[in-house]
Amino acid sequence: MPTKQIKQDPLSVLDHAFRAAIARALDEEGDFDPVIRAAQNPKFGDYQCNAAMALGKSRGIKPRELAERILAQVELGEVVEAMEIAGPGFINITLGRRVLGEAVAEMDDDRLGIPRQGNGHVITVDLCGVNVAKQMHVGHLRATIIGDSIANLHERLGWTVHRENHLGDWGLPIAMTMTALENSGADLEQLTLDALNVAYRDAQLSGRSDVKGLAGAIAHGCGPHRIAELETQNEGAIENISRAKETLIALQSGDSALVANWNALIDCTMREVFDTLGLLNVGIGPEHNRGESFYKDKLAGVVEQFIESGTAVEDNGAIVVRFEDRERPLLIRKSDGGFLYATTDLAAIRHRVHDLKSERVVYVVDARQKDHFKDVFDGSRRIGWDRTPDGIESDLHHLPFGSVLGRDKKPLKTRSGENFTLRALLEEAIERGTREVVARAEDPNAPTHGIPPEELESIGRAVGISAVKYADLSSGVTRDYIFDLDRMIAFEGNTGPYIQYAHARISSILMKAEKQEIQWQDARILLDTSEEKQLGLAIMRYPQVVQETADQLEPHRLCTYLYDLANTYSTFYQGCPVLKNDDEGVRASRLRICSMTRRILADGLALLGIESPSRM
Ligand code: ARG
């Protein structure tokens with residue numbers, strides 16, 4: 001019975017009915033996508049079936065005529081109020097209000113209608129990706145919050161989710177930093193991440209030889225001083241690197257003093273990282289650390305298996321995988337026997353797909369690593385490591401994100417040209433958010449007027465962080481965007497605070513209703529005015545939006561939806577008095593759709609990792 005089904009989802013009911021109608025109208029066996037879409041304008045009804053154009057053309061039938069035949073076949077009973085043909089052959093569908101109201105009520109459960117589509121499925125999300133001895137900067141903002149929201153979305157759909165923070169905690173750069181720290185006699189117990197960051201940079205500089213510079217200087221007949229200077233620099237660099245290599249070998253063989261120092265370095269870094277992640281309010285903790293060092297004992301085996309299976313070959317002492325469609329080979333062991341970033345990532349894929357059984361592995365990593373992942377994924381496919389033990393082909397997916405730019409459209413830098421630390425950026429946002437919230441609370445009519453300062457501060461923090469996160473997530477993963485706090489923190493427009501504010505306003509109406517002891521929880525939902533109906537339709541779209549956002553790995557879809565919902569609500573609220581309504585049934589129905597809107601806003605924001613204070 002269609003009426004029963006629509007309670008689940010009007011779209012699938014329409015889809016079903018039109019699919020069958022098209023087959024009958026064409027008198028063909030087959031499965032035809034009815035192309036049902038939400039109407040862009042309520043003038044054209046609630047949904048449209050757009051299948052007649054393409055199908056008509058391919059079969060030499062006038063699309064309008066085919067649309068008429070489809071209409072004659074479709075069986076929807078009370079589910080629809082009206083259907084009509086428009087333009088070249090669109091079918092405009094207006095849903096029945098009673099049935100729609102019942103469908104909305106049916107969604108009012110603890111899952112807000114979201115299906116457990118992912119039950120039994122496993123995904124790994126590679127996120128955050130900080131490096132030991134380095135401060136988090138704006139790039140890590142994106143790797144962290146995009147990854148966190150993708151993890152949240154899949155969790156909500158019932159997937160088993162592994163968040164993996166692939167820390168850069170192994171290899172030559174760390175050994176160089178350790179050597180530099182040893183030389184400086186620094187006390188590792190007292191170390192700050194800032195000091196560590198400086199040591200890291202110095203170590204990198206001391207290891208950078210300038211062989212080209214030297215050749216150039218000689219060719220250009222530079223003075224003997226310059227040449228001598230470059231010669232010493234090169235010697236120094238080579239010496240530093242060879243000392244660091246010794247350190248690394250000793251560390252690899254488990255030298256206990258070095259291992260203790262190495263752990264101190266990690267502790268120092270992670271203390272600061274978790275502090276910053278705490279400001280960001282994300283679900284990433286120490287339990288999600290699985291750094292490069294986790295794979296260190298597996299690397300020799302990886303290379304062996306690549307050689308044995310014939311996937312990799314020797315080339316001048318190095319081991320490489322070659323691809324027909326690109327010149328660069330994938331290097332998995334250097335001629336000096338050292339392993340690479342790519343070797344570790346191959347081991348990680350094996351772990352994620354084979355051991356964790358992930359059907360999806362999403363890497364939220366900077367767009368500059370595009371080639372790296374292409375090669376590593378293709379290498380894994382070549383050897384068959386993209387198959388789970390059950391033989392399912394895992395979807396290995398690099399989600400490359402764009403850069404965060406300053407107002408000058410260049411990568412965001414401080415005035416002195418340094419990278420912003422993520423912490424500094426977040427602290428500024430929190431300060432701005434707090435200022436905004438405190439200023440608003442001065443208005444005697446504000447719901448926040450007179451509340452304790454700690455509470456104001458916690459609201460301010462939520463607003464500042466939501467501004468940053470929402471601006472990032474809503475601009476689309478792959479695009480660059482301009483970091484402009486003024487725009488991001490505004491209470492008007494497509495911003496995090498705007499959506500939080502809509503949520504807070506509904507919360508205050510519901511609190512009033514509760515005080516007046518109005519019962520609305522089980523009210524019949526009436527969608528008689530066009531504003532009510534639009535809000536009902538917007539509510540109905542939520543489960544599908546969550547699913548599409550997760551499938552497509554596009555958090556901005558959810559942002560756009562929440563912004564639309566907040567706007568649709570605002571139109572509803574202007575046109576439809578809620579508490580002031582004398583008709584008890586209408587009042588209760590409106591309170592119930594207010595409450596569902598509020599819950600969806602809070603739920604959607606939570607999926608984006610954003611808090612929703614109940615007053616602002
Ligand atoms: N630490 C790496 C970097 O800073 C990012 C790690 C990304 N994840 C991975 N599996 N490679 O570039």
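Because the structure is predicted, anything quoted here is derived from the model rather than measured. Read the numbers this way: they start at 1 and go in the same order the structure lists the ligands and their atoms.
In this structure, the ring of H137 has its center less than 6.0 angstrom from the ring center of H140. Ring-centre distance between F377 and W385: not below the 6.0 Å cut-off.
Only the side chain of D345 comes within 4.0 Å of ligand 1, counting heavy atoms alone; its backbone N, CA, C and O stay farther away.
No N or O atom of F373 sits closer than 3.5 Å to an N or O atom of ligand 1.
Under a 4.0 Å criterion applied to the non-hydrogen atoms of Y363, ligand 1 contributes the atoms 10 (N). For ligand 1, the atoms closer than 4.0 angstrom to any heavy atom of V365 are 7 (C), 8 (N).
When the heavy-atom distances from atom 9 (C) of ligand 1 to E164, E292, H166, H140 are ranked, the shortest goes to H166.
The protein heavy-atom contact nearest to atom 4 (O) of ligand 1 is N131 ND2, 2.8 Å. The shortest contact between atom 6 (C) of ligand 1 and any protein heavy atom is with Y341 OH, 3.5 Å. The nearest protein atom to atom 8 (N) of ligand 1, hydrogens excluded, is given as D126 OD1, 3.0 Å; this is a heavy-atom distance.
Here D336 pairs with K245 in a salt bridge; the nearest charged N to carboxylate O distance falls below 4.0 Å.
Y542 and D603 share a side-chain donor-acceptor pair at under 3.5 Å.
Panel note: side chain W262, backbone D169; a donor-acceptor pair is recorded below 3.5 Å.
Separating the CZ atom in R352 from the CG atom in D386 is a distance of 15.0 Å, to the nearest 0.5 Å. A distance of 10.5 Å separates CD1 of I482 from CG of L412, quoted to the nearest 0.5 Å.
Contact between Q369 and ligand 1 is present, with at least one heavy atom of the residue lying under 4.0 Å from the ligand.
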